Each structure stands twice: as structure tokens, then as C-alpha cells.
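Shown next, in C-alpha cells, is the structure this report addresses.
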Amino acid sequence: MPNPVLLVIAHGSRDPRHAATVHALVRRVRSLRPGLRVETGFLDFNVPSVHGVLTSLAAQDVRDVVALPLLLTRAFHAKADIPAVLREAPPRLRIRQADVLGPSPLLTQALERRLYEAGLTPADKSSTGVVLASAGSTDPEAIAVIADIAREWRHTGWCAVRPAFASASLPRTEDAVRELRELGCARVAVAPYVLAPGFLPDRIARGAAGADVLAEVLGPSPEVARVLLERYDAASLPALEALGA
């Protein structure tokens, strides 16, 4: 039996950098798993739409699809928007919705990769405070996850790690930067916990004006690509077992 098609579902944005980053990440996933069919669909602003991709797959006699939300937390899009779109898919398709990407130790590794690419070294950890800057959410589960990641990351040797949010929640990036200064950290770095550039990542960057280091977004880092494949494998295994694969 063929492996289920991996459908990566991205939010979409008017900012062209968003779609370009999503496509670069998907290319990396394909390079890590040659032979796996990977498609991309967007919820809004960009094409192809999720519904359009699903309709096309059904017309090509595809039966099994793993729909993977390109999201870092289980907030409204993962809980409501994406399931609603998937319910409108052609009935011949068997679709499993994979888990969101975070939290994952691989994502923490990706955050550190971006900080080191921005100029820090492992020797800087004990004297550097880090702002874990996410997009923000009104969902308390998503906010709690970001706080948990910050606490766990602090235990790996950083001077301190503070969560911050670009929207919907507090504190803002600039407030967390100021708090780390007052705490006495020798330097302050901002690590955007976001996947692609856009409006909210730009707000994070503006809030990082008082920091010493601003890392890039996670983007098509190899660690993120590996998390996508981990989530795909976890979601597709039950389907393959049911088919006797």
C-alpha cells in the first residue's frame, strides 16, 4: 500500500515571505524523506487552498492523507479551523489530522541553532538571558505551553528565559527584554518561536530593539523538518497498520 500523502497546512499571509518560507521548509522535508509525497495547502491569503489540494488529491485516486498543521501550539486554528476545513474534504479521502509541532526538544534545538547563527556561542549561555517570543494566543493551553517551554529551556544553562507574546497575551517582547536587563543578565537575546516571517514576527523584531541579539525565525531549519516527519509518522502508523502495511 502507498504511504499516506502528507498535506502540510499553513496559515497563509499577505506577506510573501511567509509562503516562501513554508515552501522552503516543505522542500527540506522532501529531501529528508525521498519518495514521500508532500503537498502544501493554505488556510487563507495564499494558494493553493487546503480544500483545493484535497479535491485534487481525491481526483487523482489518493485515498489516505495525513493533514499536518504547521503550527507550534494547539490553539484555535488547530482545534477549530483546520478540523472544519477537513470535514469539507471529498468523502473518498481518509484523513488523519497530525499533532501540532510543539512542544518538541527538536524545536528547542532549532531555537538554539538560530541564536548561535545570530552570534552567540555555547559559552555565552550562563550570562545570557533569552526572551522566548511567540505570536501569542487567547487560548490558555497555548500560553501555558510557551511558559513550560521557557521553564524547561532555562534548565539547559541559560542565565534566564522569559516568555513573551506579540499579541493577545502579556508580556510583550520589549517588557521581557527590560526584565532580563533588570535581572542582571550580561546580555539579552530574543529567540522568535515562530515558523515564518510576517506581521507578528515583525512586531517581535521591533520589541527586540533593546536586546543584544535577535535570532531569525525557525523557518526551514532541519530540526523543524524532522519534527514534521515525526508527527507524520505518528499519525500515519495507525492507518498503515489497519491496511496491513
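For the single chain, residues carry numbers from 1 onward in sequence order. Computed from a predicted structure; not experimentally measured. Atoms considered below: every heavy atom in the structure, side chains included; atoms not considered: hydrogens, waters and symmetry mates.
Applying the salt bridge (Lys or Arg N to Asp or Glu O under 4.0 Å) test to residues at least two apart or on different chains, the pairs with a partner in residues 9-28 are D15-R17, R17-D202.
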message: Could you go through Y232 and V29, starting from their C-alpha distance and side-chain angles, then the distance that decides it, and tell me whether this counts as side-chain contact (heavy atoms from CB on, under 4.5 Å)?
response: CA-CA 11 Å; Y232 167 81; V29 170; over 6 Å; no
message: Between T128 and R187, is the side chain to side chain donor-acceptor pair (under 3.5 Å) condition met? List the steps.
response: CA-CA 5 Å; T128 301; R187 67 183 61 80; 3.2 Å; yes
- request: Check step by step if side-chain contact (heavy atoms from CB on, under 4.5 Å) holds for L111 and W153.
  value: CA-CA 10 Å; L111 287 166; W153 200 16; 3.7 Å; yes
- request: Tell me, with the steps shown, if V100 and T73 meet side-chain contact (heavy atoms from CB on, under 4.5 Å).
  value: CA-CA 6 Å; V100 297; T73 58; 5.6 Å; no
message: Working note: R162 + V130, criterion side-chain contact (heavy atoms from CB on, under 4.5 Å); need CA distance, chi angles, decisive distance, verdict.
response: CA-CA 6 Å; R162 294 290 186 271; V130 178; over 6 Å; no
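Side-chain contacts under 4.5 Å among hydrophobic residues (ILVMFWY), followed directly or transitively, place V194 together with V131, V177, L180, L183, V188, V190, I204, L214, V217.
Formation of a donor-acceptor pair under 3.5 Å by the E223 side chain with backbone atoms of P105 is not found in this model. Remark: side-chain polar atoms of R203 are not paired, donor with acceptor, to backbone N or O of G207 under 3.5 angstrom.
Remark: R231 does not engage D99 in a salt bridge, criterion side-chain N to carboxylate O under 4.0 Å. With salt bridges taken as basic N to acidic carboxylate O contacts below 4.0 Å, one links E117 and R114.
No hydrogens or angles considered: nothing links the side chains of T108 and E112 as a donor-acceptor pair under 3.5 Å. A donor-acceptor contact closer than 3.5 angstrom is absent between the side chains of S236 and R96.
Checked against the 6.0 Å centroid criterion, the rings of F199 and H11 do not qualify as a close aromatic pair.
With sequence neighbours excluded, no residue forms a ring-ring contact (aromatic ring centres under 6.0 Å, His included) with H51.
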